[in-house]
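Proteins come first, then strands; the chains are lettered A, B, ... in the order of their sequence lines, and each starts at number 1.
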Protein chains: 2
Amino acid sequence: MAEELKKGLDGVLVAESALSDIDGDEGRLVYRGYDIEDLARGATYEEVLYLLWHGRLPDREELDAFGDAMAGERTIDEEVMRTVRALAEADANPMAALRTAVSMLPAYDPAPDDIESTDREVTFAKGRRVTAKMPTIVAAFTRVRQGDDPVEPREDLDHAANFLYMLNGTEPDDVAADVFDQALVLHADHGLNASTFAALVTASTLSDVHSAVTSAVGTLKGPLHGGANQDVMEMLKEVDDADMDPLEWVETALKEGRRVAGFGHRVYNVKDPRAKILGERSRELGEAAGSIKWYEMSTAIEEYMADQKGLAPNVDFYSASTYYQMGIPVDIYTPIFAMSRVGGWVAHMSEYIEDNRLIRPRARYVGPRDLEFVPVDER
Amino acid sequence: MAEELKKGLDGVLVAESALSDIDGDEGRLVYRGYDIEDLARGATYEEVLYLLWHGRLPDREELDAFGDAMAGERTIDEEVMRTVRALAEADANPMAALRTAVSMLPAYDPAPDDIESTDREVTFAKGRRVTAKMPTIVAAFTRVRQGDDPVEPREDLDHAANFLYMLNGTEPDDVAADVFDQALVLHADHGLNASTFAALVTASTLSDVHSAVTSAVGTLKGPLHGGANQDVMEMLKEVDDADMDPLEWVETALKEGRRVAGFGHRVYNVKDPRAKILGERSRELGEAAGSIKWYEMSTAIEEYMADQKGLAPNVDFYSASTYYQMGIPVDIYTPIFAMSRVGGWVAHMSEYIEDNRLIRPRARYVGPRDLEFVPVDER
């Protein structure tokens with residue numbers, strides 16, 4: 001066959017989208033026309049969700065109504081909590097636990113999931129509920145695993161602050177709440193990355209919102225996607241434990257053929273704009289705590305990789321030390337990524353199914369032909 | 001941008017594969033070079049799994065060892081069973097229940113799921129376990145929902161016969177076991193359909209087998225994919241209840257703009273070879289029961305659709321009346337499809353990650369540009 005193989009679908013356009021635009025040469029990311037830096041510095045996660053789902057920034061009244069509705073939907077059904085507890089006690093992978101709990105939610109969702117889900121309002125209401133509940137799942141899983149009881153969500157806190165409250169059992173200070181909210185804004189959408197694309201493939205059969213989000217969580221789990229932020233922190237800790245100069249460590253790692261996590265991106269040729277903002281916050285958190293060692297280690301590695309490999313850091317590279325300095329367990333960095341990106345998953349699936357086309361590519365057959373079947377006992 | 005939009009990825013080649021080949025003009029389907037008719041008539045589901053995963057048909061000794069290993073892995077952990085019971089009691093959608101239980105399995109799987117799963121043997125061992133356990137989940141869910149206790153799997157029965165035994169609590173007769181086994185063989189693989197492609201997208205991040213199978217189950221759930229076999233039976237029952245001539249019913253339905261389930265396929269331009277074989281079995285089951293009304297109704301609709309619309313039936317069209325005459329509840333037809341197709345999902349993901357490339361397409365941005373951000377209280 002003369003047709004070209006598009007393995008990985010690099011550069012293949014599978015949809016039109018008004019959600020996010022990435023300029024990989026300029027290092028620019030916009031959500032619906034707004035620069036990511038402006039949104040990260042000026043808008044909350046709830047505001048960005050509203051923007052992504054409804055196409056424009058809300059006014060104060062709309063934002064408050066949206067935030068209140070979501071805050072009222074944070075509690076998870078006791079059977080889902082029972083399963084989350086079982087998974088924590090079995091020491092399940094945190095992303096596997098999140099995937100399972102998200103998949104279980106629709107059994108207790110007020111809207112049926114066995115309809116053709118092409119109604120925007122149903123999609124967004126389900127999307128809002130799953131977005132509201134994911135932090136409750138992640139926090140409960142983390143606490144049960146360390147021997148603590150889950151903390152009930154509080155309706156008077158924002159999405160970001162409430163998560164930190166449920167995780168730690170104490171209200172976060174303003175800086176922590178602000179940095180975490182900003183991290184959620186920065187991760188909310190990013191074009192047709194693998195997890196978002198998985199959500200589209202699932203939604204394109206007119207399955208349902210929870211199926212699509214479940215596919216996306218399982219896809220984000222992989223080390224070539226969301227799993228990378230955890231890998232970055234494990235690397236930084238390894239450098240720290242080895243008590244080596246970071247440059248020496250990286251040089252040795254590269255010689256040994258190891259992958260240095262947090263560098264390079266299919267889409268960016270320059271520094272990821274999200275890494276720039278998170279880098280600043282990582283530094284601030286270090287300064288507030290009296291030591292910027294993680295930040296300094298990170299920038300040293302960044303410079304080395306730029307000089308030696310021509311690679312720039314991606315969003316995972318600075319989210320790692322940011323979360324670490326906030327005392328968040330390393331293996332829930334990827335669930336936190338999911339808690340944010342669910343906004344983009346729901347936005348993209350809703351947009352795609354408005355003018356749906358089942359996603360069904362082909363493979364080039366390279367196997368044998370015309371084999372004669374012989375029954376098993378004659379083989 | 002001048003680049004072409006490939007919505008739905010129709011005809012786009014995303015991988016090379018030696019697994020299955022479809023000739024849509026000839027109505028031919030082969031698995032690794034063997035015609036689907038030969039396999040359906042001469043091989044068991046276990047034999048076909050071995051073929052798909054290991055690249056050749058097993059001899060008697062290999063087949064017995066493979067079947068015994070799988071039969072020994074049918075039991076599910078009691079916490080998974082506890083969640084399946086909760087979902088049955090909550091009257092969850094059966095595919096949502098299967099998706100959740102499959103997602104929960106790795107917490108109790110002997111091999112870790114947080115490794116880069118590029119080892120074929122690990123993939124196939126995990127694949128074999130999830131394939132062994134899916135019928136246990138589906139049967140338990142169905143029984144609990146109808147107020148019965150789950151039936152423990154039996155190691156001395158084949159995969160197909162054991163499922164019918166767990167579902168009904170009695171051993172199936174030879175005809176039922178044979179027809180069901182044949183249905184599993186016919187559904188085991190079919191190129192890069194949407195659910196298989198969802199599994200590839202998930203696996204391409206080097207996530208893990210259970211994540212990929214979970215994505216695939218949620219994708220198969222949609223009415224434009226696996227959900228169609230259930231829709232066919234609901235249509236046939238509606239025709240029967242209306243006490244109308246099937247042709248008259250279809251004519252009215254088409255005039256009202258309704259979709260007639262079980263016709264047309266992205267890949268076949270002629271009759272799906274699987275529909276031919278299942279049509280024969282549907283007739284035989286009717287004859288054995290003393291009434292071929294479902295078969296006759298189906299063939300009448302088939303002829304009408306061919307004449308009036310130029311559309312041929314797909315696999316879902318005859319699996320519907322086949323399963324119905326076996327007494328299987330209509331809403332577990334799609335879970336049964338999943339119980340079979342998992343063989344293809346595992347085969348394709350293993351093949352793809354051997355020479356992996358992250359699947360990450362792009363969207364053409366059609367949204368606004370350069371909007372000025374105004375803080376919420378100034379909007």
A.B. asks: Which answer fits A/P106, side chain, backbone, both or neither, if we ask what part of it has an atom under 4.5 Å from a heavy atom of chain B?
C.D. replies: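 Just the side chain, heavy atoms under 4.5 Å.
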
A.B. asks: Identify which part of A/S20 has an atom lying under 4.5 Å from any heavy atom of chain B, answering side chain, backbone, both or neither.
C.D. replies: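 The backbone, not the side chain.
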
A.B. asks: Tell me, with the steps shown, if B/F373 and A/D35 meet side chain to side chain contact (heavy atoms under 4.5 Å, CB included).
C.D. replies: CA-CA 8 Å; B/F373 180 79; A/D35 194 278; over 6 Å; no

A.B. asks: Which atoms of A/E47 are under 4.5 Å from chain B, going by heavy atoms: the side chain, the backbone, both sets, or neither?
C.D. replies: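 For A/E47, the side chain is the part near chain B, not the backbone.
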
A.B. asks: Is A/L200 in contact with chain B via its backbone, its side chain, both, or neither, using a 4.5 Å heavy-atom distance?
C.D. replies: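 Neither part.
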
A.B. asks: Taking atom types as modelled, find out whether A/T205 and B/T219 have a side-chain donor-acceptor pair closer than 3.5 angstrom.
C.D. replies: no

A.B. asks: Under a 4.5 Å cut-off applied to non-hydrogen side-chain atoms, are B/L224 and A/N356 in contact?
C.D. replies: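 Yes, their side chains come closer than 4.5 Å.
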
A.B. asks: Is it the side chain or the backbone of B/V12 that comes within 4.5 Å of chain A heavy atoms, both, or neither?
C.D. replies: both

A.B. asks: Which answer fits A/D355, side chain, backbone, both or neither, if we ask what part of it has an atom under 4.5 Å from a heavy atom of chain B?
C.D. replies: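 Both backbone and side chain of A/D355 come within 4.5 Å of chain B.
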
A.B. asks: Does the pair B/D370/A/R28 count as a salt bridge with the N-to-O cut at 4.0 Å?
C.D. replies: yes

A.B. asks: For the residue pair B/S211 / A/R99, report whether a side-chain donor-acceptor contact shorter than 3.5 Å exists.
C.D. replies: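 Side chains of A/R99 and B/S211: pair found under 3.5 Å.
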
A.B. asks: Heavy-atom cut-off 4.5 Å, strictly under: side chain, backbone, both or neither for A/E372 against chain B?
C.D. replies: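 Contact with chain B is through the backbone of A/E372 alone.
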
A.B. asks: Test your reading of the model: is there a side-chain donor-acceptor pair from B/T100 to the backbone of A/T100, 3.5 Å cut-off?
C.D. replies: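 No: the side chain of B/T100 does not pair with the backbone of A/T100.
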
A.B. asks: Taking the side chain as every heavy atom from C-beta outward, state whether A/D208 and B/K221 have any atom pair closer than 4.5 Å.
C.D. replies: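 When only atoms from C-beta onward are counted, B/K221 and A/D208 do touch, with a gap below 4.5 Å.
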
A.B. asks: Under 4.5 Å heavy-atom distance to chain A, tell me which part of B/L63 shows up: side chain, backbone, both or neither.
C.D. replies: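 Side chain of B/L63 only, per the 4.5 Å heavy-atom cut-off to chain A.
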
A.B. asks: Between A/R360 and B/G191, which heavy-atom pair has the shortest distance, and what is it?
C.D. replies: NH2-C, 4.4 Å

A.B. asks: Kindly give the heavy-atom pair with the smallest separation between B/A86 and A/M104, and that separation in Å.
C.D. replies: CB-CE, 4.4 Å

A.B. asks: Is there a side-chain contact between B/R82 and A/R82 (heavy atoms, below 4.5 Å)?
C.D. replies: yes

A.B. asks: With a 4.5 angstrom heavy-atom cut-off, which part of B/E79 approaches chain A: side chain, backbone, both or neither?
C.D. replies: side chain

A.B. asks: Could you tell me whether the side chain of A/S207 and the main chain of B/G218 form a donor-acceptor pair under 3.5 Å?
C.D. replies: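 Such a contact is found between A/S207 side chain and B/G218 backbone.
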
A.B. asks: Out of B/I359, B/N193, B/L9, B/L13, which residue meets the side-chain contact (heavy atoms from CB on, under 4.5 Å) rule with A/P361?
C.D. replies: B/L9

A.B. asks: Non-hydrogen atoms of chain B under 4.5 Å away: do they reach the side chain of A/V267, the backbone, both or neither?
C.D. replies: side chain

A.B. asks: In terms of heavy-atom proximity below 4.5 Å to chain B, should A/Y352 be classed as side chain, backbone, both, or neither?
C.D. replies: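 Its backbone and side chain both get close to chain B.
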
A.B. asks: Do the side chains of A/R369 and B/D21 get nearer than 4.5 Å, heavy atoms only?
C.D. replies: yes

A.B. asks: Does this structure show an ion pair linking B/R357 with A/D10, if we count only N-O contacts that are shorter than 4.0 Å?
C.D. replies: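 So B/R357 pairs with A/D10 through a salt bridge.
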
A.B. asks: Under 4.0 Å between a Lys/Arg side-chain N and an Asp/Glu carboxylate O for B/R379 and A/D59?
C.D. replies: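 Here B/R379 does not pair with A/D59 in a salt bridge, since their nearest N and O are not under 4.0 Å apart.
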
